[in-house]
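Structure, as structure tokens:
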2 protein chains.
Amino acid sequence: MAELKSIVNPLFLRDEDLRQGIELLFFAYRDFTARGDAILAKQHFGRAHHRVIYFVGRHPGIRVSALLDILGITKQSLSRVLSQLVREDYIVQKTGTSDRRQRLLHLTEKGRALEHELTSEQQTRLAAAYKDAGAVAVEGFRKVMLGAMDMGSRKHFQTSEK
Amino acid sequence: MAELKSIVNPLFLRDEDLRQGIELLFFAYRDFTARGDAILAKQHFGRAHHRVIYFVGRHPGIRVSALLDILGITKQSLSRVLSQLVREDYIVQKTGTSDRRQRLLHLTEKGRALEHELTSEQQTRLAAAYKDAGAVAVEGFRKVMLGAMDMGSRKHFQTSEK
DNA sequence: GTATTATGTCAATGATGCTGACATATTATA
DNA sequence: TATAATATGTCAGCATCATTGACATAATAC
């Protein structure tokens, strides 16, 4: 039986170890997003709004197409959420100067405030986890997370490695 | 400006480092679940079905209430998914012997097959990430993930630490 | 001047979650 | 024994978030 599992999994990682990894991801991600979800619910927003606000805050002036790339959703899905955020004055769209077809996205003051409320909660949580785990652990966390994601996603982290 | 950020974040972790951590979680989780989602879509199932199948497979004979605890959803939400899985012969409910109110959940052969298809994909992905990162990194990953989740979730990992 | 690009919108559909209300066994307790 | 609590299930309604497909407009590229 143990032999069988070793054949199935030739890296000598036990089925149990890998299942634990799967579950670590599940519980950590769920808990990590739960508080934000609660904050957003008060504004009648959902996690999708959070993601848009986060990445627009992270990349001021981002093009709609680039945001779609990052989020990995369709423009129709983004449309409803983005229109809402623009309508309710969390995000402004500025026509691109070099290419006037573009609608470059920026947070408003109101948007920045919400972004900060959401992000700082997650940063606090992560900072505590980092502090408890230590610098070596954080580097290990980074390596495993990068390895677990698709090649295409890793490019988002390459520039920050310089 | 840098001073200000240090006050906000007294652990001497830069805003940038913590944002990167947030994004590592976002991209890794998204990519980690994407393949499974695609497999499930063929069966007209979603991620919720995956989670139920996974945890029933992990804890054969689990009570409905315990499953609800793990998933962190309401019984009404579980009901739709679970009924479907029972109706389509992926899961069987066996009346508890000591307490006949309980409906103890088990995978059928069909359920085990789907569970294996879904889980082994994620295990393969994680095994590759673990191998590339190395044992020290894996331990760091574990520490950070445990620290990022709620206290209540950590108990799911305590028994496996013995 | 035509093709492509960037963006937006309408409509229909499905998955996943929620609250609230109510129902049925079964077990525990006063 | 009568009543309360527990374990589970179900119905109805609602919101969010995603999809596909079709079509539209403005601006840029060839």
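Note: hydrogens, waters and symmetry copies are ignored here, and every other heavy atom, side chains too, is used. In the text below, chain A, chain B and the rest are named by the order of the sequence lines, each starting its count at 1.
- Interatomic distance, A:Arg30 CZ to A:Leu25 CG, rounded to the nearest 0.5 Å: 13.0 Å.
- A:Tyr90 and A:Phe45 have perpendicular rings, their planes meeting at more than 60° on a 0 to 90° scale where under 30° would count as parallel.
- The distance from atom CD of B:Gln102 to atom OG1 of B:Thr95, rounded to the nearest 0.5 Å, is 10.0 Å.
- The shortest distance between the side-chain N/O atoms of A:Ser77 and the OP1/OP2 oxygens of D:dT19 is below 4.0 Å.
- Residue B:Thr74 places none of its side-chain N or O atoms closer than 4.0 Å to OP1 or OP2 of C:dT19.
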Polar atom pairs between nucleotides 9-13 of chain D and protein, under 3.5 Å, N or O only, would you list them?
from, atom 1, to, atom 2, distance (Å)
D:dG9, OP1, B:Gln93, NE2, 2.5
D:dG9, N7, B:Lys75, NZ, 3.2
D:dG9, O6, B:Lys75, NZ, 2.1

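- The stretch residues 26-41 of chain A has no heavy atom under 4.0 angstrom from DNA chain C at all.
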Please tabulate, for side-chain N and O atoms in residues 76-86 of chain B, each donor-acceptor pair with protein atoms closer than 3.5 Å (sequence neighbours left out).
from, atom 1, to, atom 2, distance (Å)
B:Ser77, OG, B:Thr74, OG1, 3.0
B:Ser83, OG, B:Ser79, O, 2.4
B:Gln84, OE1, B:His49, NE2, 3.1

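- At whole-Å resolution of the value, CZ in B:Arg63 and P in C:dT27 are 14 Å apart.
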Run the salt bridge (Lys or Arg N to Asp or Glu O under 4.0 Å) check on B:Asp150 and A:Arg125 step by step: do they pass?
CA-CA 10 Å; B:Asp150 290 342; A:Arg125 179 182 282 258; 3.0 Å; yes
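- Hydrophobic cluster membership for A:Leu104: none, as no Ile, Leu, Val, Met, Phe, Trp or Tyr side chain comes under 4.5 Å of it.
- Placement of A:Val92 and A:Leu114 in two distinct hydrophobic clusters is found when ILVMFWY residues are connected by side-chain heavy-atom separations under 4.5 Å, directly or transitively.
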Identify each atom pair where a protein N or O and an N or O of nucleotides 2-4 of chain C are less than 3.5 Å apart, giving names and distance.
none

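- Between the CZ atom of A:Arg100 and the C1' atom of C:dT7 there is a distance of 14 Å, rounded to whole Å.
- B:Val136 is not connected to A:Tyr130 by any chain of hydrophobic side-chain contacts under 4.5 Å among Ile, Leu, Val, Met, Phe, Trp and Tyr, and they are in different clusters.
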Sequence neighbours left out, cut at 3.5 Å: what donor-acceptor pairs do the side chains of residues 61-72 of chain B make with other protein atoms?
from, atom 1, to, atom 2, distance (Å)
B:Arg63, NH1, B:Ser65, OG, 3.0

